[in-house]
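The model shown is predicted, which means the values in this text are computed figures rather than measured ones.
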Amino acid sequence: MDGPLRIEYEARGVSVHVLPDVLHRISTIQNLSHEVECLAQNIRDLSPDLVFVNTLLNFPSVLAAEKAGVPSIWNPRESEAWNIYFRFLPNPVAQQAIAAIGLPRKVVFVAEATRGVWKDFESLANFSVVENSLDMNRFSKWLVRDKSAERERLGWLADEVVFLCVGTLCERKGQLDSLLALQNFIDQLDVQIRLVFVGNSDNRYGKKIREHALRFRKHKQIHIEFIPPIDDIGVYYLAADVFLLCSRVESCPRVILEAQAFGLAIISTPVFGITEQIPNPQDARFYAPGDVRHLGSIMLTLSRDHIERNRLSKCSIVHFSRKNDFNTMIESYNKEIQDACSGFQQP
């Protein structure tokens, strides 16, 4: 799939070839074999030293790398159980997808929790974990700007408490929880609240959330805002007070790191790698996915209690300063690549 990263790669002299998606064309083993052979031929034509495969959905590329005789690294970023994730595929094809985990020279996860999902398949001691980190150059200009001035520029009130949700609106991210939670404490609300969604909402779930948000139009103490995807999101992190993550499944979400970098109080579901990013449950507010009563109670408390928001803000900054090391992450991936290529002889 093409996207904004093409410009980043090409600016650094990297040639980019965008191939069509094949997932909708692999409904049978025969179709899968055909698409894998086509991918393998592309790999042979390009003659790379390594095939780096990002996410589980790209398992055909792992199969193709094996067929082309080129070493591969698989970098899964999903945390669903292995016996559930590929259910959208016909069973014979799903079995091939699952079996592909044994083919790469290296399988690099971004969280121990995600590695644990696949632990029964680690037979070659080739699994490892490289945690996500942030390149703070992306946000440096925002970290020195004035929060009050940016809030005013955005049209946000100085005394309202801003809850920020970042990411595509989808069932996996569960953002509807936030609106259902609002309903649970709306009669107790004695402060101004703004709930801001930044991300693509042009889908069925996004439409559902937008329609639900209309129910709050008559409540002057609640403002709900939808912002389309933007490359430079720093201003929203800077201007917000509380970061809200409602996901059902995550591995090691960068949005948590971004919220920590800007010192936001965090409310989150404690799923998979999130508890590795926030190991002390006292340093954020956790709620079980779908428990909108508990979420509502947390949102109400934090909207009223600026002292607790400030405490959680400091916790976020401390965690980020201890864990984020972008250069180390790059060095770790470089080592994985060197190890994968080391001693490999193409047939």
Side-chain angles (χ1 to χ4, degrees), residues 1-6 21 23-24 55 57 77-80 88 138-139 142 150-151 153-157 160-186 189 192-259 262 264 266-269 271 274 287 289-292 295-296 298-299 303:
M1 180 179 294
D2 205 354
L5 282 179
R6 170 198 277 269
D21 180 24
L23 282 177
H24 64 289
T55 78
L57 287 176
R77 293 176 175 270
E78 302 91 341
S79 292
E80 290 91 338
F88 69 95
R138 179 186 173 199
F139 297 113
W142 295 111
E150 294 303 326
R151 284 175 72 111
R153 188 173 67 82
L154 290 170
W156 297 356
L157 303 177
E160 65 184 353
V161 179
V162 179
F163 293 82
L164 176 66
C165 293
V166 176
T168 298
L169 273 62
C170 61
E171 292 183 358
R172 180 177 66 81
K173 293 186 180 296
Q175 294 99 330
L176 185 59
D177 280 3
S178 60
L179 296 181
L180 297 176
L182 274 178
Q183 286 182 204
N184 277 321
F185 68 86
I186 194 168
L189 195 59
Q192 294 278 342
I193 280 183
R194 182 177 295 269
L195 180 57
V196 180
F197 297 97
V198 180
N200 182 20
S201 60
D202 188 20
N203 55 57
R204 184 179 299 178
Y205 188 80
K207 182 180 179 181
K208 181 178 181 180
I209 290 180
R210 283 181 171 275
E211 290 175 349
H212 203 96
L214 295 176
R215 303 181 185 187
F216 298 92
R217 284 182 300 179
K218 296 181 180 180
H219 297 277
K220 295 182 179 180
Q221 289 179 301
I222 297 176
H223 299 90
I224 301 175
E225 192 171 351
F226 294 89
I227 309 296
I230 56 174
D231 291 334
D232 194 358
I233 196 174
V235 64
Y236 293 101
Y237 281 114
L238 172 64
D241 299 297
V242 181
F243 182 76
L244 178 56
L245 187 65
C246 306
S247 291
R248 275 56 179 151
V249 180
E250 289 286 356
S251 189
C252 183
R254 281 192 172 88
V255 290
I256 288 286
L257 294 175
E258 292 168 354
F262 281 86
L264 296 185
I266 294 175
I267 303 173
S268 178
T269 52
V271 296
I274 291 174
Y287 81 99
D291 188 351
V292 294
L295 174 58
I298 294 171
M299 292 177 70
S303 66

Q: Determine, for Lys208 against Glu171, whether the closest basic-nitrogen to carboxylate-oxygen distance falls under 4.0 angstrom.
A: no
Q.
Run the side-chain hydrogen bond (donor to acceptor under 3.5 Å, both in side chains) test against Tyr287 and tell me which residues pass, sequence neighbours left out.
A. Asp177
Q. Rounded to the nearest 0.5 Å, how far apart are OH of Tyr205 and NZ of Lys173?
A. 11.0 Å
Q.
Working to the nearest 0.5 angstrom, can you tell me the gap between Leu238 CG and Leu264 CG?
A. 9.0 Å
Q: Taking all non-hydrogen atoms of both residues into account, name the closest pair between Pro289 and Ser247 and its distance.
A: CG-O, 4.2 Å
(Q) Could you check whether any side-chain N or O of Thr55 sits under 3.5 Å from a backbone N or O of Arg77, counting only pairs where one atom can act as donor and the other as acceptor? (A) no
Q) Should we count CG of Asp232 as having more than 12 external heavy atoms under 6.0 Å? A) yes
Q: Please name the pair of heavy atoms, one in Val198 and one in Pro228, separated by the smallest distance, quoted to 0.1 Å.
A: CG1-O, 4.2 Å
Q) Which heavy atom in Val161 sits nearest to a heavy atom in Ser303, and how many Å separate them? A) CG2-O, 3.4 Å
Q: Keeping the roles fixed (side chain from Arg248, backbone from Cys246), state whether a donor-acceptor pair exists under 3.5 Å.
A: yes
Q.
side-chain contact (heavy atoms from CB on, under 4.5 Å) for Leu244 and Leu295? Distances and angles first, verdict last.
A. CA-CA 10 Å; Leu244 178 56; Leu295 174 58; 3.8 Å; yes
Q.
Using 0.5 Å steps for rounding, measure from the CD1 atom of Ile227 to the CG atom of Asn200.
A. 13.5 Å
**Q.** Backbone of Leu169 reached by a side-chain donor or acceptor of Asn203 within 3.5 Å
**A.** yes
(Q) How long is the straight-line distance from CD1 of Ile274 back to CG of Leu245, given to the nearest 0.5 Å? (A) 4.5 Å
Q.
Are Phe262 and Phe243 an aromatic pair, judged by ring center distance below 6.0 Å?
A. no
Could you list the donor-acceptor pairs under 3.5 angstrom formed by side chains in residues 211-223, with sequence neighbours left out?
residue: His212; atom: NE2; partner: Gln183; partner atom: OE1; Å: 2.3
residue: Arg217; atom: NE; partner: Leu214; partner atom: O; Å: 3.2

Q. Looking at side-chain heavy atoms only, is the closest gap between Ile233 and Arg138 below 4.5 Å?
A. yes
Q | Spatial distance of atom CD1 (Ile193) from atom CG (Asp241) [nearest 0.5 Å] | A | 10.5 Å
Q: Starting from the C-alpha separation in whole Å, work towards a yes-or-no answer on side-chain contact (heavy atoms from CB on, under 4.5 Å) for Val271 and Ser79.
A: CA-CA 9 Å; Val271 296; Ser79 292; over 6 Å; no
Q | Minimum heavy-atom distance Gln175-Ile209, with the two atoms named | A | CB-CD1, 3.7 Å
Q. Which atom pair, heavy atoms only, marks the closest approach of Gln192 to Leu157?
A. OE1-CD1, 4.3 Å
Q.
Check the orientation of Tyr237 and Phe139. Use parallel for under 30°, tilted for 30 to 60°, and perpendicular for over 60°.
A. perpendicular
Q: Locate the shortest heavy-atom distance separating Trp156 from Ala240; write the atom from each residue and the value.
A: CZ3-N, 4.0 Å
Q | Atom CG of Asp21: over 12 foreign heavy atoms under 6.0 Å | A | yes
Q) Given the rule in the salt bridge (Lys or Arg N to Asp or Glu O under 4.0 Å) test, do Arg172 and Glu80 qualify, once you have shown the distances and angles that lead to the verdict? A) CA-CA 11 Å; Arg172 180 177 66 81; Glu80 290 91 338; 5.1 Å; no
Q) Just how far is it from atom CG of Leu164 to atom CZ of Arg194, taken to the nearest 0.5 Å? A) 12.0 Å
Q.
Pairing donors with acceptors under 3.5 angstrom, does anything connect the side chains of Glu150 and Trp142?
A. no
